[in-house]
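What follows is one structure encoded as structure tokens, with my remarks underneath.
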2 protein chains.
Amino acid sequence: MRANNRGQSTDRITIIDIGKEAGVSYATVSRVINNKGNVNPDARERVLRAMTQLGYVANTQARSLAGGRSYVVGLLVQDLGTGYTGEIIRGMDDELAKAQYNLMLFTTHRRKVKESLFVQTLTQGTADGLLLILPRNAEAYLETLRRRKFPYVLVDHQGIDELGPSVGASNWQGGYDATSYLIGLGHKRIGFITGTPELGCAVRRLDGYKAALHDHGLPLDPNLIREGDFYQPTGYKGGVDLLNLPDRPTAIFASNDMMAFGVMEAVREQGLSIPKDMSIIGFDDIPMAANVHPRLTTVRQPLEQMGRVATTMLLDLINNPDQQPEKIELPTRLIVGETCCAPAQARK
Amino acid sequence: MRANNRGQSTDRITIIDIGKEAGVSYATVSRVINNKGNVNPDARERVLRAMTQLGYVANTQARSLAGGRSYVVGLLVQDLGTGYTGEIIRGMDDELAKAQYNLMLFTTHRRKVKESLFVQTLTQGTADGLLLILPRNAEAYLETLRRRKFPYVLVDHQGIDELGPSVGASNWQGGYDATSYLIGLGHKRIGFITGTPELGCAVRRLDGYKAALHDHGLPLDPNLIREGDFYQPTGYKGGVDLLNLPDRPTAIFASNDMMAFGVMEAVREQGLSIPKDMSIIGFDDIPMAANVHPRLTTVRQPLEQMGRVATTMLLDLINNPDQQPEKIELPTRLIVGETCCAPAQARK
DNA sequence: GCGGGTTGTGAAAACGCTTGCTCGACAACT
DNA sequence: AGTTGTCGAGCAAGCGTTTTCACAACCCGC
């Protein structure tokens, strides 16, 4: 037992110790650990035994300093508030654990100024790859990442970085399906609240909505479309606006669940009942959607699976850097809750 | 420009480059960076200038390998689902950013088997300290941490680790206040749904409830207390049970917001109205509490601030390892929403 | 039974940094 | 004038790995 300069006592076991125990040089131990070079099966066996016996744990800093892997991937998110991100992270985390990787968390809200610095740090060996969930203003550093050939995968961010690998959901189809469902119930005037227009996913949901109207021979009324930003207040605001329309819609499709909650609030404030007086549909199916009353009808994104797939892609990219970047789109699915029904006039 | 063995091109600037540029040895550069030793103000100035000019970014692996800091703290959480954790993390993240620290995320749900391994990794220099949010079965590794004198701070986890430093909220007082509020409205029979009994915070909320009843001369009916686990389904279950009681309560106090949502669901299923037929109160004030309808009355925990304080404590501990561990309790506050009113008989 | 590939192994040089030790220079004491 | 103390800065030894290079031992076919 010796003390390092941080005052903590350590019994650190190094590959040198393992080498001694197994009767080989530590270089051979390194080879065993990394499955490199030709090692005599016998020696390998001895090394492995020594490792478990002595409880060896590799020092990742030394590893990465010497030019190996750091076994860390960075994760860039905006915030962790809504549970949306949490779901995705769960999938990532799980997949990373399988590969013995660790996760370094960065939130953008704190990094507005020095985004470049954070990319610097990350790419200088701190991490082997980077996952980005719904990043905004990412162009600046994406360019850097590409130039450095630093592996990264975008999650839910189609339409901006056309080059890089990404994982998303079928936003267009989801928008189409939700709208068709409402039309099928008999709705003819359907309000829509958009997400942040800079985000590809927001645009596609809107496009799906428009396409469904068109395919069913319904007119597109620009008055029924309100701009939102994926947060609750703009959902509320959009809801109020739509309700105050002289010719108000009988249903409202919000581009995500949080905004749908806002719409629900607005509807109730007017003393209207959901779904009798107003049908509401959301997008995402965050856990909370099942906990509100009535249960929100929404389009489920396979969030956890998106995290999983993105991670698998990233690890793949780390292992074979010269791969073609893929773009994967996972299917969405309509979850029928209790916030939609046929409009009043159709029920008569 | 040279290529490292990962195939990525790097123009890495080292302290040697800085030393050359500033006309000093690289040891001096190191001293400037770490504010150590005696450095001539003139030389320091030159070094600093060279650093910004060349865009120097320290290599943390090398730093920590050489015995310095890693500028990473680990964060151990159970899951990121409910937004509860997200709030705390926001505070931590912010505080860490100020100190130029980074965050390594670990979730326990994936580590059941090898908890020791993760502590091993962390304490071998990967991180300088560890934050734990509401950990379960932590005794095993807390012991290890203490033995190694590895700095850590527990968040919201009173009552298990009596020795270590921790940050929590005034759970007893919160329970007392919420109950008193209901009593003040005229409620005499108040149901209670507990949290996981192994958690100190759960026990204290219950104790606060009991004390308030006692102080107001109300009897304690064990039938009105149901066990929950902080997740929605047990809230629902407890709600159903309480509603089916021959002598049902007029108000229900759930030990956290998620369970309160479950109670709301149960109440509505019986065709009852909130708060007219049943008052409901929660605990935490997670963001979603403001988004359900009616707005949940609840006891706010200063989650973000808890994260902040815990982080400050940890950084302090890292800097002065021989400090006495503190135990801090932050105040809770009753948030009056729309889910409570006087009971029916009192309104007549 | 001798060149020419494999195969398995070790020595040693990085990787970028921290820090204990040393040493010179100069000021302030006896 | 000689001694001590202080300050500033350099040297060099690690930290625990990966990886290149060299080399020995072996097997093969001729």
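Note that the structure is a prediction, hence the values are computed from the model and not measured. Lettering of chains follows the sequences in order, A, B, ..., and the numbering in each one begins at 1.
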Exercise. Quick one: side-chain contact (heavy atoms from CB on, under 4.5 Å) partners of B:Q100, sequence neighbours excluded?
Worked result: none
Exercise. Can you check the B:L65 CG to C:dA14 P distance for me, whole Å?
Worked result: 17 Å
Exercise. Is any side-chain heavy atom of A:L132 less than 4.5 Å from a side-chain heavy atom of A:Y141?
Worked result: yes
For this session: Send over the distance from A:Q61 CD to D:dT18 C1', rounded to a whole Å.
Result: 15 Å
Problem set entry | ring pair (Phe, Tyr, Trp, His ring centres under 6.0 Å) against A:Y26, all qualifying residues, sequence neighbours excluded | none
For this session: Name every residue in residues 41-49 of chain A that has at least one heavy atom under 4.0 Å from any atom of DNA chain D, in order of residue number, or write none if there are no such residues.
Result: none
Problem set entry | For atom CD of A:Q124 and atom P of C:dC17, their distance in whole Å | 9 Å
For this session: Pull out every residue in residues 17-36 of chain B that has a heavy atom closer than 4.0 Å to any atom of DNA chain C, ordered by number, or say none.
Result: B:Y26, B:A27, B:S30, B:R31, B:N34, B:K36
For this session: Whole angstrom is fine here: how far is it from CG in A:N38 over to P in C:dG8?
Result: 5 Å
If you look only at distance, which donor and acceptor atoms sit under 3.5 Å apart when one is on a side chain in residues 303-311 of chain A and the other is two or more places apart or in another chain?
residue : atom : partner : partner atom : Å
A:E304  : OE2  : A:R308  : NH2          : 2.8
A:R308  : NH1  : A:D94   : OD2          : 3.4
A:R308  : NH1  : A:E95   : OE1          : 2.9
A:R308  : NH2  : A:D94   : OD2          : 3.4
A:T311  : OG1  : A:G307  : O            : 2.6

Exercise. Do B:S64 and B:T60 come within less than 4.5 Å of each other through their side chains, counting heavy atoms only?
Worked result: no
Exercise. Less than 4.5 Å apart, any side-chain heavy atom of B:T121 and any of B:F106?
Worked result: no
Exercise. Which residues satisfy the side-chain hydrogen bond (donor to acceptor under 3.5 Å, both in side chains) test with A:K20, sequence neighbours excluded?
Worked result: none
Seminar exercise, completed: Residues at least two apart in sequence or cross-chain that pass side-chain hydrogen bond (donor to acceptor under 3.5 Å, both in side chains) with A:R31, listed by chain then number, are none
Exercise. Can you name the side-chain hydrogen bond (donor to acceptor under 3.5 Å, both in side chains) partners of A:N38, sequence neighbours left out?
Worked result: none
Exercise. Base, sugar-phosphate alone, or nothing: which one does A:N59 contact when heavy atoms must sit under 4.0 Å apart?
Worked result: sugar-phosphate
Problem set entry | Set of residues satisfying ring pair (Phe, Tyr, Trp, His ring centres under 6.0 Å) with respect to A:Y56, sequence neighbours excluded | none
For this session: Check the distance between D:dA12's P and B:I16's CD1 and give it to me in whole angstrom.
Result: 14 Å
For this session: Examine C:dC17: is either OP1 or OP2 under 4.0 Å from a nitrogen or oxygen in the side chain of B:Y56? Give yes or no.
Result: yes
Problem set entry | Atom of B:A99, atom of B:L315 and distance for their closest heavy-atom approach | CB-CD1, 3.6 Å
Exercise. Through what angle, rounded to 10 degrees, does the axis of the helix from C:dG1-D:dC30 to C:dT30-D:dA1 turn between its ends, using five pairs per end?
Worked result: 40°
Tabulate protein N/O versus nucleotide N/O from nucleotides 26-29 of chain C, keeping only pairs under 3.5 Å, one per line.
none

Problem set entry | Atom pair distance, as rounded to whole Å: CG in B:N40 and C1' in D:dG10 | 15 Å
Seminar exercise, completed: From CE of A:M51 across to C1' of D:dT17 the rounded distance in Å is 14 Å
Exercise. Does a side-chain heavy-atom distance below 4.5 Å link A:D316 with A:E326?
Worked result: no
Exercise. Within this structure, what is the CD1-to-P distance between B:I15 and C:dC15, rounded to whole angstrom?
Worked result: 13 Å
For this session: Taking side-chain hydrogen bond (donor to acceptor under 3.5 Å, both in side chains) as the test, write out the residues that go with B:E87, two or more places apart.
Result: B:R90
Exercise. Can you name the nearest heavy-atom pair linking A:M313 to A:P165, along with the distance?
Worked result: CE-CB, 3.7 Å
